[in-house]
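Because the structure is a prediction, the values reported are computed rather than measured.
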2 protein chains.
Amino acid sequence: MPHPSDLESARTSEAASPRTLIQDVYQRLRADIISGELKPGTRLRAEHLKSIYNVSGATMREALGLLVSDALVIAREQRGFIVAPVSLEDLADITATRAMLEAHAVRMAIRQGDDEWEAELSGAFHRLSRAEERRAGATADDYWEACNKKFHEALVAGCQSQWTRHFLTILYRQSERYRRIARFNAPPDRDVHAEHVAIYEAAIARDEERAGEVIELHINSTLDVLRGLGEGVLAEEGYQLSPRIRA
Amino acid sequence: MPHPSDLESARTSEAASPRTLIQDVYQRLRADIISGELKPGTRLRAEHLKSIYNVSGATMREALGLLVSDALVIAREQRGFIVAPVSLEDLADITATRAMLEAHAVRMAIRQGDDEWEAELSGAFHRLSRAEERRAGATADDYWEACNKKFHEALVAGCQSQWTRHFLTILYRQSERYRRIARFNAPPDRDVHAEHVAIYEAAIARDEERAGEVIELHINSTLDVLRGLGEGVLAEEGYQLSPRIRA
DNA sequence: ACAAGTCATAATCTCGAGATTTTATCAAAT
DNA sequence: ATTTGATAAAATCTCGAGATTATGACTTGT
């Protein structure tokens, strides 16, 4: 039975080589926004971008419209598109909402997850652990980011609610953007790996209550790190014009 | 402080006469889908629709792309758009997720809401009460639907989390569609008004716990009504081709 | 010197037609 | 009789240009 968010789910998994130009541009644009190459607040003029992405203006507009779904770009009527601004207040909202939703999803997964879920989770945890002992305290890299994403996806994969997972996908992308914006400014002084271990063990032990608590603490603590840096980091990185875009 | 979902919020309130054709078509299409005039599963061929809505094919496509954000339309690569299908399983997911999120939002509103929130809520409750004593057990009408929507919006308006409200907006639209699809098949044998009274009183009394419980029961009971009718109602109404569209 | 109004520039929004892909039809072979 | 393959039709996807609207600079008046 197809579900409204199947499309989103498809987007989440490995970006199956898009067969339409719109999907292609959509994915590239999204990556550029999340990676921070397109800074928050940047005006997205279709006239300029179409020469960069080598597509027509109409195609560009459609891709931008798709990005609005993810709340990564904002459409102002008759005034074009801009990259969604960032703020500490927004980050706090994203974090709190995600912590609540993901705790709920994990509890659900623990209740409903089958052997396949456990197996996938175990694999994702193993991959993440290796990535974490390899970088050993260094700042986050792309590979770690991918492993972390897969671990969190595997955690909630056992949750039967497609809508809950859909919303979590959106929120994860948002938090990922914040994490990358402040990537080089945030030295991880806390033991992230220990937190992941606690989450994993609680999940495998089928301890709903503990898993919910731990995951909530885990997500909320990422906010504290950024908050400690102050709003300056965001203001400094954001609202910059003429961003450099990858070739 | 602008927020990604400001656009959505704007859509929610009185549809300020859209200044672009795309927004106009988007709103009309959305209304036609939610009202049930465009049945679930219907193929949305831009070539056909453009003559109905009197716009170009490209404009039509953009409006359809916007609908994908709301998960009311599904885009299949190179194979066009269709109205999102319905199923009892999907409705159960929508309902459960909304019950959880709205209970959370109401508790938050009770904690954070100010006098203005109480005043607006009181007004919305009054309006809804009048609408309910007027129809007195009859099937739901458009005016009641509008009042109900405003009541629920007023309830969560005090919740500071824009993301939570954003997700609730999406879920409400989904549930509204299901309600209208089975509108004439579902005689309200329960006392909906009593439930609304309980919610309102708990909210005004600032009783977080009770308000959360009551709203969760309230939302979940709407599922029970539809479930009692069986999947037949949805199958019967849905998956029909060549829908009739308003002039 | 400052404010308000006016006009040129630039960007967005919209359109109709052409290129590509999918879907349906139909004949032929096992 | 069923399946396979090729062909025709329909729909989607993409483009470049024209119409509409917003932005910024300039002039004018107090």
Side-chain angles (χ1 to χ4, degrees), chain A residues 2 6-7 10-11 15-30 38-39 41-69 72-84 239 241-243 245, chain B residues 2 6-7 10-11 15-30 38-39 41-69 72-84 239 241-243 245:
Chain A
D6 274 354
L7 199 156
R11 283 181 194 159
S17 54
R19 306 196 50 72
T20 78
L21 261 183
I22 296 174
Q23 288 287 328
D24 184 37
V25 174
Y26 162 73
Q27 291 186 2
R28 285 203 281 160
L29 252 178
R30 192 181 67 193
L38 284 169
K39 303 282 191 296
T42 306
R43 291 200 59 181
L44 298 170
R45 300 184 191 80
E47 290 299 314
H48 284 202
L49 268 54
K50 75 181 200 183
S51 58
I52 297 175
Y53 291 92
N54 287 101
V55 292
S56 169
T59 304
M60 205 68 230
R61 280 184 56 77
E62 286 210 45
L64 286 169
L66 252 16
L67 261 303
V68 175
S69 324
L72 287 171
V73 316
I74 297 183
R76 303 173 299 174
E77 271 190 13
Q78 308 274 25
R79 303 219 260 137
F81 301 85
I82 64 169
V83 179
Y239 305 99
L241 301 179
S242 316
I245 305 187
Chain B
D6 274 353
L7 198 155
R11 284 182 195 158
S17 54
R19 306 192 52 72
T20 77
L21 260 183
I22 296 174
Q23 288 288 328
D24 183 39
V25 174
Y26 162 74
Q27 291 186 2
R28 285 203 280 162
L29 252 177
R30 193 181 67 194
L38 284 169
K39 302 283 190 294
T42 305
R43 290 199 60 181
L44 298 169
R45 300 186 192 81
E47 290 299 314
H48 284 203
L49 268 54
K50 74 181 199 182
S51 57
I52 297 175
Y53 291 92
N54 288 100
V55 291
S56 169
T59 304
M60 205 66 232
R61 280 183 57 76
E62 285 210 46
L64 286 169
L66 252 15
L67 260 305
V68 175
S69 324
L72 288 170
V73 167
I74 296 184
R76 303 174 300 173
E77 271 191 13
Q78 306 274 26
R79 307 222 260 112
F81 301 85
I82 64 169
V83 178
Y239 305 99
L241 301 179
S242 316
I245 304 187

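- Rounded to the nearest 0.5 Å, atoms CD1 (B/I74) and CG (B/L64) are 13.0 Å apart.
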Report task. Do nucleotides 6-14 of chain C as a string where each nucleotide becomes B, S or -: B if the base has a protein heavy atom under 4.0 Å, S if just the sugar-phosphate does, - if no protein is that close. Result -> -----SBSB
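- A search for side chain to side chain contact (heavy atoms under 4.5 Å, CB included) contacts involving B/R79 returns B/R76, not counting sequence neighbours.
- You'll find the side chain of A/L29 reaches within 4.5 Å of the side chain of A/Y53, heavy atoms only.
- Partners of A/Q78 under the side chain to side chain contact (heavy atoms under 4.5 Å, CB included) rule, at least two apart in sequence or in another chain, are B/R19, B/T20.
- Residue pairs meeting the salt bridge (Lys or Arg N to Asp or Glu O under 4.0 Å) criterion with at least one member in residues 52-62 of chain A, sequence neighbours excluded, are A/R61-B/E62, A/E62-B/R61.
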